[in-house]
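A, B, ... follow the sequence lines: proteins, then strands. Residue 1 opens every chain. From a predicted model like this one, the values you see are computed outputs, not experimental measurements.
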Amino acid sequence: MNENKHSIETRALSLWYGEFQALYNVSVDIGHGLITSLIGPSGCGKTTLLRCFNRVNERYGNVKTSGEIRILGKNIYDPDVELIELRKSVGMVFQRPNPLPISVYENVVFGLRLHTPAKELTRARLDEAVEEALTDVGLWDDLKDRLKRKATDLQLEQQQKLCIARLLPLKPEIILMDEPCSALDVEATRQIEELMLELAGRYTIVIVTHNMAQARRVSHECLFMLMGELVEHSRTEDLFINPADSRTADYIEGRFG
Amino acid sequence: MRLRELVNSKELLKEWMIEKLIWICGISAIFFVFGIFFFVFREGADYLLRGFKVTEFFTSIEWYPTSRTQVRYGALALITGTFSVTLLAMFIAVPFGLGAAVFISEFCPPRLRESLKVIIELLAAIPSVVWGFIGLTIMNSLILNLFSAPIGLNVLNGGIILALMSVPIIVSIGEDALKAVPDSYREASLALGCTRWQMIFRVLVPAARNGLLAAVLLGVGRAVGETMAVLMATGHSIRIPGGVLEPVRTLTATIAAELGEAPVHSDHYQVLFIIGILLFSITFVVNLTADLVVRGIRRK
Ligand SMILES: Nc1ncnc2c1ncn2[C@@H]1O[C@H](COP(=O)(O)OP(=O)(O)OP(=O)(O)O)[C@@H](O)[C@H]1O
Ligand SMILES: [Mg+2]
């Protein structure tokens with residue numbers, strides 16, 4: 001297989017929280033520019049796997065991993081890998097919208113301010129970045145007059161879009177989303193899904209979801225996980241219409257989970 | 001059926017009684033505060049309304065309460081004394097205390113955190129006489145040796161002792177404030193590529209700003225009101241200090257030192273109570289501000 005076709009590759013990835021093993025030998029290639037959804041019953045390790053890709057798992061002191069994760073061709077556990085660079089190119093959207101308690105504007109340029117020397121950050125450059133990012137997520141028209149407002153006062157769905165927007169100025173390659181719609185209503189969910197489809201191609205998107213209809217609507221490929229193992233990885237239509245593994249079939253037909 | 005009703009009503013009565021009891025405990029706190037204020041005020045009120053010279057009190061450094069020829073009650077030197085010692089104490093305690101709060105809440109492994117917190121609570125439990133004693137002996141000789149100062153009981157000594165006494169408050173309230181910052185802010189900023197320090201300075205400190213401010217204010221309140229330790233450590237000299245190595249006397253130390261000698265209800269006695277009113281007002285304002293600030297956080 002061609003290296004460039006995959007944004008994320010893992011080999012025999014296992015992970016332990018203390019004594020408890022949460023991932024067993026996960027080997028997966030996630031296609032470049034695609035939306036890949038990660039499904040499986042509660043507690044099967046979806047969030048855990050996702051959080052390996054930008055190494056935020058390491059926040060918890062008791063996490064141990066073995067195996068290999070290559071992102072954009074580079075093993076992220078290599079000693080010469082800069083955590084900061086990794087997190088610049090791998091953005092993350094969380095289950096509960098978590099904008100920072102500062103203005104909308106400052107939320108969008110937060111990453112830029114972190115990673116660019118202050119003297120290169122002219123007002124014009126920041127303004128442009130804000131307009132571009134907010135336009136990309138469809139918030140610009142709503143918020144262009146309220147950029148100074150505190151981001152935590154926005155409606156939930158706007159907050160979640162903002163959380164996507166604030167990743168964009170850093171020009172990430174990959175966007176990880178952990179149940180990004182679970183706190184949102186139907187209409188907001190539809191909007192976020194549309195947004196994801198627009199962003200696909202430019203970005204590689206990995207989304208964890210409990211909602212199988214959502215996985216079918218938005219994703220090109222699907223991963224099904226069970227008890228820390230990767231059971232099946234195939235094109236979405238194949239997985240739903242013609243699952244290769246009987247456990248997948250049982251899950252999507254709602255026999256458990 | 002009847003039995004159950006009986007049990008229920010008994011339970012209800014018990015609930016009711018406990019509720020009332022707790023209500024009384026709560027209300028009594030208010031009662032005590034007003035009671036104390038009333039008492040202090042009453043002791044000083046007569047002179048305050050009759051012969052008290054406000055301008056002299058606040059602008060003169062001449063404190064001669066027992067002079068045969070001319071009695072003067074100028075408290076400026078005492079006010080400066082309190083102020084200088086408090087300022088120095090905060091200069092040391094604020095960076096130290098907030099730094100420790102950040103360390104405990106953000107960097108410390110859980111085990112160490114628990115033991116550190118216990119130790120800090122122990123620090124808070126040391127009686128102030130003991131602190132004063134440390135000032136009188138250890139700090140005194142340290143300062144004499146290190147700075148070859150003429151006298152080891154001075155602003156520096158009192159400031160350090162007060163700093164050590166306020167640090168536990170600043171640490172524990174500051175740590176609470178940082179702990180109260182939602183973890184989702186930490187995750188958001190780390191996932192955007194913050195280093196830990198960037199996360200602390202750009203996200204956590206601004207988000208916990210009010211709580212940290214309250215921690216500092218309560219530390220100030222502690223330092224202003226402290227008596228015994230400063231009485232023992234600052235060297236009893238009524239004058240405006242020209243540097244940290246000079247001895248001073250604070251408002252609190254003055255009350256403690258002179259109240260026993262002043263004849264009850266004499267002018268001197270009453271002026272000491274007026275100093276009490278002043279101290280009470282300062283700490284009241286400081287604490288009230290801290291409280292309002294903390295309330296500000298809760299509302300958000
Ligand atoms: N920080 C942690 N410490 C210890 N165990 C953890 C931790 N986080 C997750 N686990 C355990 O690891 C397993 C996988 O958790 P994970 O959150 O990845 O599941 P999930 O598939 O995302 O579930 P859900 O659908 O409920 O979000 C669970 O059994 C969970 O209890
Ligand atoms: Mg999860």
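- Between Thr82(B) and Leu251(B), the shortest heavy-atom contact is OG1-N, 2.9 Å.
- The parts of Leu114(A) that come within reach of chain B are both its backbone and its side chain, each placing non-hydrogen atoms under 4.5 angstrom from that chain.
- Put simply, CG on Leu167(A) and CD1 on Ile174(A) are 12.5 Å apart, with the number rounded to the nearest 0.5 Å.
- Using a cutoff of 4.0 Å between basic side-chain nitrogens and carboxylate oxygens, Glu106(A) and Arg113(A) are scored as salt-bridged.
- A salt bridge links Arg186(B) with Asp183(B): the closest approach of a Lys/Arg side-chain nitrogen to an acidic carboxylate oxygen falls below 4.0 angstrom.
- Residue Arg166(A) touches chain B through both its backbone and its side chain, counting heavy-atom pairs closer than 4.5 Å.
- When each of Thr195(B), Val181(B), Leu192(B) is checked for heavy-atom pairs under 4.5 Å with chain A, Leu192(B) comes out on top.
- Only the backbone of Val90(A) comes within less than 4.5 Å of a heavy atom of chain B; no side-chain atom from C-beta onward does.
- In terms of heavy-atom pairs under 4.5 Å with chain A, the best-connected choice from Arg202(B), Glu187(B), Gln198(B) is Glu187(B).
- Contacts with chain B were tallied for Met92(A), Arg59(A), Arg55(A), Lys88(A); Arg59(A) has the most, counting heavy-atom pairs under 4.5 Å.
- Looking at Pro99(A), the atoms closer than 4.5 Å to chain B (heavy atoms on both sides) all sit in the backbone: N, CA, C or O.
- Of the charged side-chain nitrogens involved, at least one lies within less than 4.0 Å of a carboxylate oxygen, so that Asp136(A) and Arg202(A) count as a salt-bridged pair.
- Ion pairing of Lys74(A) with Asp80(A) is present here, as a side-chain N (NZ or NE/NH1/NH2) and a carboxylate O approach within less than 4.0 Å.
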